[in-house]
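Encoded as structure tokens, the structure appears first; notes follow it.
Everything quoted here is computed from the prediction, not taken from an experiment.
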Amino acid sequence: QVQLVESGGGLVQAGGSLRLSCAVSGWTASTYNMGWFRRVSGKEREFVAAVTWNNDATNYADSVKGRFTVSGSNAKNTVYLQMNSLKPEDTAVYYCAAATDWPPIRWKPYWGRGTQVTVSS
């Protein structure tokens, strides 16, 4: 059974940092490329960042370039999102996801519960 469990969210002041984690089970880490999405209530889920299964390439939304860093650990079957210089507009529920291609276009329909990130001004 495939499971994605996100953690690490919280409340932080603008300019602060958070590190999100996504623990993957049900497949081996090298099966898919991994990424992060976020959703603000009432809006569509939007792409944030992605990394290849072997960490040799990354892809970021323009809104987070230079502030967020995505990485993965095959040994731990975990993908991370380091978020620095956070802004109030980064407030959202963050989800991880698996992609079958690169650049990531085809996303598997597996979603965890997400982790809430709230950035105060």
Side-chain angles (χ1 to χ4, degrees):
Q1 180 181 358
V2 173
Q3 270 197 318
L4 303 172
V5 180
E6 302 91 346
S7 62
L11 173 63
V12 64
Q13 286 190 330
S17 298
L18 283 173
R19 189 194 196 204
L20 306 184
S21 299
C22 171
V24 177
S25 60
W27 73 71
T28 56
S30 59
T31 302
Y32 299 116
N33 302 311
M34 296 297 297
W36 288 90
F37 284 74
R38 64 188 181 188
R39 174 181 276 171
V40 175
S41 180
K43 295 189 177 181
E44 292 289 320
R45 197 166 358 218
E46 66 170 355
F47 171 77
V48 175
V51 61
T52 54
W53 67 269
N54 59 359
N55 281 313
D56 69 349
T58 56
N59 191 290
Y60 295 94
D62 288 343
S63 59
V64 306
K65 279 181 183 176
R67 300 188 299 121
F68 291 10
T69 303
V70 60
S71 62
S73 169
N74 287 343
K76 296 182 179 180
N77 251 25
T78 301
V79 61
Y80 305 98
L81 185 67
Q82 177 67 43
M83 306 186 297
N84 299 328
S85 303
L86 282 161
K87 304 175 181 180
E89 51 264 43
D90 294 318
T91 295
V93 178
Y94 284 71
Y95 303 87
C96 63
T100 59
D101 55 356
W102 192 267
I105 297 174
R106 298 189 185 92
W107 295 94
K108 298 293 287 184
Y110 305 135
W111 298 100
R113 294 190 174 188
T115 186
Q116 175 71 49
V117 171
T118 303
V119 184
S120 63
S121 57

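- Between V2 and K108, the closest side-chain pair of non-hydrogen atoms is not below 4.5 Å.
- N77 and W27 make their closest contact through ND2-O, 3.1 Å (heavy atoms, listed as atom of the first residue, atom of the second, distance).
- The salt bridge (Lys or Arg N to Asp or Glu O under 4.0 Å) search around K43 returns none, not counting sequence neighbours.
- Side-chain heavy atoms closer than 4.5 Å link hydrophobic residues (I, L, V, M, F, W, Y) into clusters, and following such links, possibly through other members, connects W111 to F47.
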Identify all side-chain donor-acceptor contacts of residues 5-17 below 3.5 Å with residues at least two apart in sequence or on another chain.
from : atom 1 : to   : atom 2 : distance (Å)
E6   : OE1    : R113 : N      : 3.4
E6   : OE1    : G114 : N      : 2.9
E6   : OE2    : C96  : N      : 3.1
S17  : OG     : N84  : OD1    : 2.9

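- The closest side-chain heavy-atom distance from Y32 to T100 is below 4.5 Å.
- With T91 contributing its side chain and V119 its backbone, the two residues share a donor-acceptor pair below 3.5 Å.
- Atom OH of Y60 is separated from atom CG of L81 by 7.5 Å, given to the nearest 0.5 angstrom.
- Hydrophobic clustering keeps V51 apart from Y80 (ILVMFWY residues linked when any side-chain heavy atoms are closer than 4.5 Å, directly or through intermediates).
- Distance CZ/R38 to CD/E46: 4.5 Å, rounded to 0.5 Å.
- Between W36 and F68, a ring centre-to-centre spacing not shorter than 6.0 Å is recorded.
- None of T58, V64, V48, L20 except one satisfies the side-chain contact (heavy atoms from CB on, under 4.5 Å) rule with V70; the exception is T58.
- With a 4.5 Å cut-off on side-chain heavy atoms, W102 and N59 count as touching.
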Test salt bridge (Lys or Arg N to Asp or Glu O under 4.0 Å) on D62 and K65; report intermediate values, then the result.
CA-CA 5 Å; D62 288 343; K65 279 181 183 176; 3.1 Å; yes
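- Without hydrogens or angle criteria, N55 side chain to S73 main chain gives no donor-acceptor distance under 3.5 Å.
- T52 contributes a side-chain N or O that, together with a main-chain N or O of A57, makes up a donor-acceptor pair within less than 3.5 Å.
- Checked against the 6.0 Å centroid threshold, W107 and Y95 do not count as a close aromatic pair.
- Between the side chain of N74 and the backbone N or O of W53, at least one donor-acceptor pair lies under 3.5 Å.
- To the nearest 0.5 Å, atom CD of residue E89 and atom OG of residue S121 are 10.0 Å apart.
- In R106, the CZ atom is not crowded: 12 or fewer heavy atoms of neighbouring residues, nucleotides or ligands sit closer than 6.0 Å.
- Note on residues 44-85: no pairs pass disulfide (SG to SG under 2.5 Å), not counting sequence neighbours.
- The minimum heavy-atom distance linking Q116 with A92 is given by the pair NE2-O, 3.4 Å.
- Rounded to the nearest 0.5 angstrom, L18 CG and T118 OG1 are separated by 9.5 Å.
- Between V117 and M83 there is a side-chain heavy-atom pair separated by less than 4.5 Å.
- Between D90 and S85, the shortest heavy-atom distance links the atoms OD2-O, 4.5 Å.
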